Amino acid sequence: MPTSYTPADLRAEAANQHYNLTCDPDHMGVGEAMGTETIPSTGQNLTWRQMLPADADDGEAYGAAVDEIHGLIDGAANVSSWAVDIGAEGLRPSQTAITLSGAEQPLARVHFAFAPDMAPEMQSDLITSVNAVLAQSRFQNGAPQRPA
């Protein structure tokens, strides 16, 4: 019987556990946790509880937001392996992504993760270069093009 494991085994199990933690989030826990979080689009450090106070409508608007957020969590893609790998390698995810758009929905999305000491200019140059390559590919204008 084997008595040792590899770093790959640890990463695989970490990804498994990460995914399992997101599979069935506690509905009430989501509602409680989001109450003190700020809503980015307000630009005013306004929290969910401040924007949707329970005393305004017996919590109906807040409950609807919780339901929508819970639905987004339920429908989220399993990127646990990617998250574990970039963390284990010391990379940090970028907020920038390149989306190849189809007629009605995205066809593909490229996300980036960078070493913490990589200069912002280098990050920007890499993103610009990848975007340029994609623009010259058969995915011009966001739609697949047949090779000539």
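These figures come from a predicted structure and were not determined experimentally.
Both Ile39 and Val30 belong to a single network of hydrophobic side chains, linked directly or stepwise wherever heavy atoms of I, L, V, M, F, W or Y lie under 4.5 Å apart. Using a 4.5 Å cut-off between side-chain heavy atoms of Ile, Leu, Val, Met, Phe, Trp and Tyr, with links allowed through other members, Trp82 and Val84 fall into different hydrophobic clusters. When hydrophobic clusters are built by joining Ile, Leu, Val, Met, Phe, Trp and Tyr residues whose side-chain heavy atoms come closer than 4.5 Å, directly or via intermediates, Ile98 is grouped together with Met122.
Inter-residue side-chain proximity for Ile127 and Phe114 is flagged as met; some heavy-atom pair is nearer than 4.5 Å.
One finds the CZ atom of Arg49 at 4.0 Å from the OH atom of Tyr62 (value rounded to the nearest 0.5 Å). Taking OG1 from Thr96 and CG from Asn131, the interatomic distance works out to 10.5 Å, rounded to the nearest 0.5 Å. Here Leu91 contributes atom CG and Asp85 contributes atom CG; the two are 9.5 Å apart, rounded to the nearest 0.5 Å. The line from OG1 of Thr99 to NE2 of His111 is 7.0 Å long, rounded to the nearest 0.5 Å. With values rounded to the nearest 0.5 angstrom, His70 atom NE2 is found 11.5 Å from Met34 atom CE. Asn16 contributes atom CG, which lies 9.5 Å from atom CG of Leu21 (distance to the nearest 0.5 angstrom).
Side-chain atoms of Asp9 come within 3.5 Å of backbone N or O of Thr6 as a donor-acceptor pair. The closest donor-acceptor contact from the side chain of Ser124 to the backbone of Pro120 lies at 3.5 Å or more, if one exists at all. For the pair Asp58 (side chain) and Glu60 (backbone), a donor-acceptor distance under 3.5 Å is absent.
Residue Thr38 comes nearest to Trp48 through the heavy atom pair O-NE1, 4.4 Å, listed as atom of the first residue, atom of the second, then distance. The nearest pair of heavy atoms linking Thr42 to Asn45 is OG1-N, 4.1 Å. Looking at every heavy atom in both residues, Ile73 comes nearest to Thr22 through CG2-O, 3.9 Å. In terms of heavy-atom proximity, Gln123 sits nearest to Ala115 at NE2-O, 4.3 Å. The shortest heavy-atom contact between Ser81 and Ala15 is OG-CB, 3.5 Å. Ile86 and Pro93 make their closest contact through CD1-CD, 3.8 Å (heavy atoms, listed as atom of the first residue, atom of the second, distance).
Around atom CZ of Phe112, more than 12 heavy atoms belonging to other residues, nucleotides or ligands sit under 6.0 Å away. Within 6.0 Å of atom CG in Asn20, more than 12 heavy atoms from other residues, nucleotides or ligands are found, so the atom counts as buried in its surroundings. By the neighbour-count criterion of 12 heavy atoms within 6.0 Å, atom CD of Gln105 is sparsely surrounded, having that number or fewer from other residues, nucleotides or ligands. More than 12 heavy atoms of other residues, nucleotides or ligands lie within 6.0 Å of CE in Met118, so this atom counts as buried by the packing criterion.
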Take Glu13 and Tyr5 through the side chain to side chain contact (heavy atoms under 4.5 Å, CB included) test and state the conclusion after the steps. CA-CA 11 Å; Glu13 187 55 30; Tyr5 49 83; over 6 Å; no
